[in-house]
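One structure is given below, encoded as structure tokens.
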Amino acid sequence: VVTEPFYVSDISFDCDVACSYQELSYLMGINKDQLVTAQDLKKGIFYLSQKNKFETITLYCTEQADKKKLHIVLRSWWT
């Protein structure tokens with residue numbers, strides 16, 4: 001649950017089908033070194049789901065040395 005904006009120092013994707021980092025980053029609308037809100041995450045999940053390609057979209061946020069990393073795991077319908 002995201003209750004307040006947070007700064008993302010890095011973002012990564014794990015996708016079980018061929019997708020480029022640039023495409024996923026564009027659809028998510030979030031880049032590294034950016035302040036992110038709950039609304040940003042909701043909007044990104046909405047656009048990823050509009051591809052009608054992913055059965056699950058899971059977001060993980062880890063913190064190391066006051067830096068937060070956003071990791072997004074995408075699992076497709078057909079694997």
Side-chain angles (χ1 to χ4, degrees):
V1 175
V2 177
T3 58
E4 57 186 61
F6 63 97
Y7 179 79
V8 173
S9 63
D10 195 16
I11 185 168
S12 60
F13 296 93
D14 176 15
C15 188
D16 65 352
V17 293
C19 290
S20 73
Y21 176 89
Q22 290 79 13
E23 178 185 15
L24 295 174
S25 183
Y26 172 78
L27 290 170
M28 238 353 246
I30 297 172
N31 298 297
K32 67 179 188 171
D33 300 325
Q34 178 181 334
L35 191 64
V36 175
T37 66
Q39 187 62 32
D40 294 330
L41 296 173
K42 288 179 188 177
K43 187 171 25 170
I45 291 168
F46 170 78
Y47 286 118
L48 284 171
S49 67
Q50 291 300 298
K51 290 217 35 112
N52 205 21
K53 191 178 209 179
F54 305 113
E55 181 176 14
T56 61
I57 301 169
T58 309
L59 282 68
Y60 297 96
C61 187
T62 57
E63 187 170 356
Q64 294 177 334
D66 295 332
K67 294 183 178 182
K68 293 191 179 187
K69 178 181 178 181
L70 183 62
H71 182 67
I72 302 166
V73 178
L74 305 158
R75 294 296 171 245
S76 65
W77 291 104
W78 49 82
T79 58

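Heavy-atom basis, side chains included; hydrogens, waters and symmetry copies ignored.
- V73 and L59 are not part of a single hydrophobic cluster, where members link through side-chain heavy atoms under 4.5 Å apart.
- Here side chain to side chain donor-acceptor pair (under 3.5 Å) pairs that include residues 39-48, with residues two or more places apart or in two chains, are T37-D40.
- Atom CG of L27 sits about 11.5 Å away from atom CZ of F46, to the nearest 0.5 Å.
- When all heavy atoms of L48 and F54 are compared, the closest pair comes out as O-CD1, 3.7 Å.
- Under the 4.5 Å side-chain heavy-atom criterion for ILVMFWY residues, a single connected hydrophobic cluster contains both L74 and L41.
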List the atom pairs, with distances to 0.1 Å, where a side-chain N or O of residues 61-72 and a protein N or O form a donor-acceptor pair under 3.5 Å, not counting sequence neighbours.
from	atom 1	to	atom 2	distance (Å)
H71	ND1	S12	OG	2.6

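- A search for side-chain hydrogen bond (donor to acceptor under 3.5 Å, both in side chains) contacts involving S25 returns N31, not counting sequence neighbours.
- Residue S49 comes nearest to I57 through the heavy atom pair N-CD1, 4.1 Å, listed as atom of the first residue, atom of the second, then distance.
- By the criterion of side-chain heavy atoms lying less than 4.5 angstrom apart, applied directly or through intervening Ile, Leu, Val, Met, Phe, Trp or Tyr residues, V2 is grouped together with I11 in one hydrophobic cluster.
- Identified under the salt bridge (Lys or Arg N to Asp or Glu O under 4.0 Å) test for residues 1-15, with sequence neighbours left out: D14-R75.
- Counting only residues at least two apart or on different chains, the salt bridge (Lys or Arg N to Asp or Glu O under 4.0 Å) pairs with a member in residues 18-34 are E23-K51.
- For the pair M28 and I45, the tightest heavy-atom approach, listed with the atom from each and the gap, is SD-N, 4.0 Å.
- Applying the ring-ring contact (aromatic ring centres under 6.0 Å, His included) rule to pairs touching residues 13-36 yields F13-Y21, sequence neighbours excluded.
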